Amino acid sequence: MKTLLLSLLCLFVWSQSTDALTDQQVVLGQNVTLACEFNLKAVIWFVTKLPARPEMILRTYGSPQQAKYYNNKFIRKYSEGGWSRLLINEVSVDDLGIYYCIKPGNDLKVMVSDGIRLQTTESPPSGNETEEKNPPQDQTTLQIPIIMLSLLTVVLFAAVIGLLIMNHKLSKEIPKYANAHQISTMKFCESNRGKTDPAYLEVLPNI
């Protein structure tokens, strides 16, 4: 059921236009509360961070029943903010994305709200910027020798295969050549068997 719902959410998110999104500015490190447009006590919240697929966060049932989390990693980050609201604790850059709420229904008859896109005008600390910029450069620097090593490995592998094939062919041709040489020698000996050189006969004394 969850897998099928996620598949439907993927189709919905990819087909939705940006005009249906509501931008909400946030301050990093502070708590943020998102309100569902359906204003129901029982809703499902999920988030999408393109190009990743949507992730289901929790389902609210209203007091006194507690919310149900779809993944334990969300317990400390998200909580029910009361009456279909979603509370995000200490927003970070990783929490930025598009949040949706779903009105549950029977037989997959669900309604999905317009997305709430979290944004921030704050720039991360200079230390983080340096860390974020350096990895791509390091990766680019490392990719060149890796590619060269891969090409060299392919060339060596092809050379080894070629030598093995040549060795296999030669091992088949050498016995054939040896057999042919032996056969020709035997034929020559048989053809001269019983014959005596005339010059040799002349010098033989009569006994």
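The figures here come from the full heavy-atom set of this structure, side chains too, leaving out hydrogens, waters and symmetry mates. The chain is numbered in sequence order, starting from 1. Because the structure is a prediction, the values reported are computed rather than measured.
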Has the side chain of [X] got a donor or acceptor atom that lies under 3.5 Å from a matching backbone atom of [Y]?
X      : Y      : value
Ser113 : Tyr100 : no
Tyr70  : Phe46  : no
Lys68  : Tyr61  : no

*Could you walk me through whether Tyr78 and Asp95 pass the side-chain contact (heavy atoms from CB on, under 4.5 Å) check?*
CA-CA 10 Å; Tyr78 302 98; Asp95 301 324; 4.1 Å; yes
Return the [atom1] to [atom2] distance between [X] and [Y], rounded to the nearest 0.5 Å.
X      : Y     : atom1 : atom2 : value
Asp114 : Leu21 : CG    : CG    : 7.5 Å
Cys36  : Ile44 : SG    : CD1   : 10.5 Å
Ile57  : Trp45 : CD1   : CH2   : 8.0 Å
Tyr69  : Met56 : OH    : CE    : 14.5 Å
Glu55  : Phe74 : CD    : CZ    : 4.0 Å

*asked:* For residues Val32 and Val27: do they belong to one hydrophobic cluster (side chain heavy atoms under 4.5 Å, members Ile, Leu, Val, Met, Phe, Trp, Tyr)?
replied: no
*Could you pull out the closest heavy-atom pair between Leu34 and Leu118, with the gap in Å?*
CD2-CD2, 3.8 Å
*Minimal non-hydrogen separation, Ile116 against Ala35, with atom names*: CD1-O, 3.6 Å
*Apply side-chain contact (heavy atoms from CB on, under 4.5 Å) to the pair Asn31 and Glu90, showing each step before the final yes or no.*
CA-CA 5 Å; Asn31 298 340; Glu90 299 180 355; 4.0 Å; yes
_Please list all pairs meeting salt bridge (charged side-chain N to carboxylate O under 4.0 Å, His left out) that have one or both residues in residues 20-40, counting only residues at least two apart or in different chains._
Asp23-Arg117
*Is the number of heavy atoms from other residues, nucleotides or ligands under 6.0 Å of Gln66 CD greater than 12?*
no
*Hey, could you give me each pair passing disulfide (SG to SG under 2.5 Å) that has a residue in residues 44-97? Not counting sequence neighbours.*
none
Side chains of residues 81-89: which donor-acceptor pairs under 3.5 Å do they make with residues two or more places apart or in other chains?
residue: Trp83; atom: NE1; partner: Asn39; partner atom: O; Å: 3.1
residue: Trp83; atom: NE1; partner: Asn39; partner atom: OD1; Å: 2.7
residue: Ser84; atom: OG; partner: Leu40; partner atom: O; Å: 3.2
residue: Asn89; atom: ND2; partner: Arg76; partner atom: O; Å: 3.1
residue: Asn89; atom: ND2; partner: Lys77; partner atom: O; Å: 3.3

